[in-house]
Structure formats: structure tokens, C-alpha cells
Participant: 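Once you've had a glance at the structure underneath, I'll fire off some questions.
Worth knowing before you read on, the calculation uses all heavy atoms, side chains too, and leaves out hydrogens, waters and symmetry mates. Naming: A, B, ... by sequence-line order, numbering from 1 per chain.
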2 protein chains.
Amino acid sequence: MEKAIEIFVEDLLRRRKAHRDDGIPSLFDGLSEPNLQTLLFSSHVVEIEAGKEIIAQGDDVAYVFHILGGSVKTQRFSSDGKESTIRMLGAGETFMEDSVFFGYKSPVHAIAVKSGRMLIIPAETVQRRALTDPQFACNLLKILSRHYKNAIHQIDSIVAKSPVERLGYYFLKLHMEQGSDSMEIALPFQKSTIANHLGITPETFSRALAQIKKMGIDVEQDKLSLRDAYALCHFCDLDIGQSCPHFNTERCHLCADEKGRYRQA
Amino acid sequence: MEKAIEIFVEDLLRRRKAHRDDGIPSLFDGLSEPNLQTLLFSSHVVEIEAGKEIIAQGDDVAYVFHILGGSVKTQRFSSDGKESTIRMLGAGETFMEDSVFFGYKSPVHAIAVKSGRMLIIPAETVQRRALTDPQFACNLLKILSRHYKNAIHQIDSIVAKSPVERLGYYFLKLHMEQGSDSMEIALPFQKSTIANHLGITPETFSRALAQIKKMGIDVEQDKLSLRDAYALCHFCDLDIGQSCPHFNTERCHLCADEKGRYRQA
DNA sequence: CGGTTCCTTGACGCATATCAATCTGTGTGG
DNA sequence: CCACACAGATTGATATGCGTCAAGGAACCG
């Protein structure tokens, strides 16, 4: 086993003992140490360089990728050059795990955004482990479910929401992820990338920023600052609400104002 | 075990012997008979009535649903009444399997479109079986991967394609599913439902139909008829192409005309 | 500094949503 | 069997919101 992998495993076990868990399901959750070793035996750590294409649409998927550092986006290109950004991933996240189980061809391009390192696990190993280690299979199921749920949100946003609403929803998600106590949020990607992910042009994105500023949500450079803790509440919905501590209490503006509006009929 | 379930199991085993496989991954593929029995022991068969809501957005997910007959759509409603259709499902398909593994709350409404019957499997049973029966876990992975891939296509369509292109792409998918030899395709859902799934209004859908008619794709009532076998080729892409017998041969108009156009840097 | 990349702002046009009217098919009751 | 009602689909007229094009500004880097 590579030296880099050994270090990674050590780090993983250390973190596990410290009970650090950010809520995002991971490939490695709850795996026994021998199973972890087996899984990673044939894996490698590779460098990724910003801007480089990691895998192209239509390519055979030989590996499952786990990001150790840096960031990656997955997108599709249509024949007339338009692109649609499907996901934007950071450290700890995984991609191509879906293609291993259906299709074997990548439905998307994966492009490095920020340089960093990835763990690559041979597709064949992933398949084999999924059939032998039920915990591993369940981790994959959790990850895939999460991806799918995010995709549903993305569809819903694009179909039913205005650009400003999409932006607010995206910001709210960031806010929840980065710990909802801070009044400042760092934009993890460049604006044009986020814009494309939201299905709008950079120009419209920019105008939406101007709009949302009036609602107490200010963006300077790549830093988002909120006027107050409830500035983003307007963009809340049932899905996000479930992980909000104030949801369904009188402290939740949305619930207080519009109780039951989701429940009609 | 219910009588209805017994009949279902018998039917499943019979079909398995006959090697009938329509390419869509199923929950029950390759399960041993005892495992199948265990899985279905606590399941039930229920009737669904057209128009009725099966599960609401935000509900706790107590069952995984497998459609035996009839059809179902899943959609989200935004606060201002707009709806976005995520999936449209027919017999043999499954829903809510994703929520069982992440979130436990349904991200969508599920509404019966055509009356029929469903098999409902308790969520807890599904979880337990996934941890004990690796084959079952892999079936779930395949199904989820398929859902996710479809969601990616849906996002890509809405972001990057014109209404006519979306329509053509949707028709092409239908064409591939229903056996690509026939010149006639039945629309499995009512037009307004399809329109919403494609992220357009019924009016725009209708106008797109008029456009696409000029390209040799005619729709009368709910029957789609093609002028020739290649009428839909214009809407092909890499993902669909992979399951087309003529792809990457000189018989494929697209490949012949525009070879490599997807591959440019 | 000058060059590059990214973001912003403005002016404009078009495509799609919206609103409204008509048409078509289907089922219902007399 | 016809008249009627109703839902869904189509067609037309209008409006508007977003994309497109173009120019200017801001930050970064050699």
C-alpha cells in the first residue's frame, strides 16, 4: 500500500476516534479497520491540477474518486457549447460512484477547480467490496441518495424558482453547511461557476446579487455577510427546515407567518 | 404472507425463468428465493386510485413502493403554487428507496396518475435486508444510480436545451425504451404532465409539437409516429448513443456528420 | 505598469410564460 | 341518439424576464 494511503487511513481512524462528523455521509463511515485496509489496498493518491479535466463525458469509469483536498465540478456540455454544472464538490466528497453501478460510462465531465489531491479507488474494487461489505454498500447508498436528493432540489430550483430565489436557496444551504451561527459565509466557488450551477448566466447572477442585497444579504468579493440571523429564512423550505433548530417553533418567521402553507390539500 | 404477495412472487420467479429482462434494474433481480421471501414477508399489496396522493412532501417514509400496475408521478410544489415533476413511473419501477437511506423524509409528493396496484415494503425491512443481502444492496445501488443519472439528464435538458430539443430527447428516450424497431410510440402520460417534467408550460409543449412535426415526428392524440427510423437521431447524445446499435458506425447520421464534435477539448 | 481574468452594468431583442379564446374528444344524462 | 358539460389540448395576442452583446471596472499577477 502506498505511503500516502497509509497516512490517509491513520488520519481517518484518528478522526473517527475524535467523533468528528460533519453530517455528510462518507464512503468510509463505520468500516472495520481490516475492511478499510482491503478497500484501500489497491487505491492510489493522485494530484489534481486546477483546470484539468479528470474524466470526460462518455469515458469508461475506471475509478471512484474521493477528494482529499481542492475542489472539483462535474458538468455536461451540449453540442452547441452550452454547459450545465451538475455538482460542485469539495474535500471529503466522492464522485463517479454512481457510474460504477449503472452504465459504466461517465454521464459528465469532471474538472478540477482548485488544485489538491484525490484518492482513486478502482471501480472493480468498489463493486467487489459492495458485494462483500454490507456497511460499505450502505455508505454508497447514503451517498447516492444524497446526490439524488440534491439533484431533485436543483431541478426544482431551476423549474420553479426565480434567479433571486435560487440564489437565496443556495446561500441558505451554504449557511446550514458552514454552521448556522456565523454571519459570514465564504463562497466556495467562483461566481460564474455557481451561476451556471443555478442555471443562470453570470450577468443574471450579478443582478440577482444586487437584488438580494436589499434583503440584507451582502456579497463582497467572495464573502457573504448577513444582516441578521433570519435574513435567509425567506428562502427556507420544508427540506431545509427539517435541519433548522427553529423550524416549527414560534421563533421561525416562516412557520409563524405562513403556517401550513405547504400542507394545503 | 398475503395471498397477493404469493402470487407476485410466483409471477416473478416464472418471469425470471423465462429470462425476461427489460433492462431496467429491479429490486428483485438475482435474489435467492429464500431472500426474496424474507424481503416480502412483511410487505403488502395496496390499490392506488388515480389522482390520489400516496405520500406528501416532508412525510416520514415508512415504505418503499414498487409499482405493480398503473402509474405514479413524483413532484415538488413551491410555496407560490408552481410544481416541478421529478419523475414519472410505470409498472416495475420503484420510489422512495432513496429516502430510506438519507433523510427519512420524502423530498417529493407522490401522486397516482393511473389507478393500479403497488407493493409496499416497510422501510425498516429494506434497511435490514440491505445490510444482510449484498445482492439486494447492489440492486438498490443500481436503481438509485439510474435515478440519479436520469436526474442529471433532466437538469442538463432544462438548462441547456430548447423546448423542441427537450421534447425530441424525451421522445428518443421513449423510443429506445419501447423497442427501437417500432415507428409508433405511445405517450405514457398526459401531455401537460410531460410538459411539466420537461420544465415547460403545456402551451409551449403544444407549440413544440407543431415544430417537431416538421421534422417527421407526428403526434396524434397520445400516439407518436415517426416518418423514418432516423427521425429522432437529431436529438441523440453520447449517453443515449451508447445503447444505440448504429452508434459510431457509418449508419449513424450523427456520427457520420459530426464525428468528434463532443470531443473537442 | 500592462495584461489577463472575472465581475458588473447597461441597452436590446427574443423566447417563453401568461392570459384568453377556441377546439377536440370523452363521458353523462335525458 | 343527441345535447351538454368538462377536461385537456391547441392557437393567438401580449408581456416580460432572462439571455445576449458590448463596454467598463476591479482585482490579481507577472
Participant: Just wondering, more than 12 heavy atoms not from B:F171 lying within 6.0 Å of its CZ?
Facilitator: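 Atom CZ in B:F171 is packed in, count exceeds 12.
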Participant: NZ of A:K82 versus C1' of C:dA15: gap in Å, rounded?
Facilitator: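 A:K82 atom NZ is separated from C:dA15 atom C1' by 11 Å.
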Participant: In whole angstrom, give the distance that lies between atom CD1 of A:I158 and atom C1' of D:dG19.
Facilitator: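 So the CD1-C1' distance, A:I158 to D:dG19, works out to 15 Å.
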Participant: How long is the line joining CD of B:E165 and P of C:dA15, in whole Å?
Facilitator: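 Distance, rounded to whole Å: 13 Å.
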Participant: Can you tell me how far P of C:dA15 sits from CD of B:Q211, to the nearest Å?
Facilitator: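 The answer, rounded to whole Å, is 10 Å.
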Participant: Let me know the distance between CG of B:N196 and C1' of C:dT16, rounded to the nearest Å.
Facilitator: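 Value for this atom pair: 15 Å.
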Participant: With a cut-off of under 6.0 Å to the ring centre and 45° to the axis, is B:K161 in cation-pi contact with B:Y169?
Facilitator: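 That pair qualifies as a cation-pi contact.
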Participant: Judged by modelled atom types alone, do A:H147 and A:D98 share a side-chain donor-acceptor pair under 3.5 Å?
Facilitator: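 Absent: no donor and acceptor within the cut-off.
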Participant: Let me know the distance between CG of A:D222 and P of C:dT8, rounded to the nearest Å.
Facilitator: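 Nearest whole value for this atom pair: 11 Å.
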Participant: Can you give one letter per nucleotide of nucleotides 10-18 of chain D, 5' to 3': B if a protein heavy atom sits under 4.0 Å from the base, S if only from the sugar-phosphate, - if neither?
Facilitator: SBBB----S
Participant: Any salt bridge between A:E93 and A:R146, counting N to O under 4.0 Å?
Facilitator: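 Salt bridge flag = yes for A:R146 with A:E93.
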Participant: What is the separation between atom CZ on A:F189 and atom P on C:dT5, rounded to the nearest whole Å?
Facilitator: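 These atoms are roughly 21 Å apart.
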Participant: For a quick check under 3.5 Å, do B:E49 and B:S115 share a side-chain donor-acceptor pair by atom type?
Facilitator: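 Side chains of B:E49 and B:S115: no pair found under 3.5 Å.
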Participant: Within the supplied structure, the quantity of interest is the number of heavy atoms (other residues, nucleotides, ligands) at a distance under 6.0 Å from A:F205 CZ; does it exceed 12?
Facilitator: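 Counting other residues, nucleotides and ligands, CZ of A:F205 exceeds 12 neighbours.
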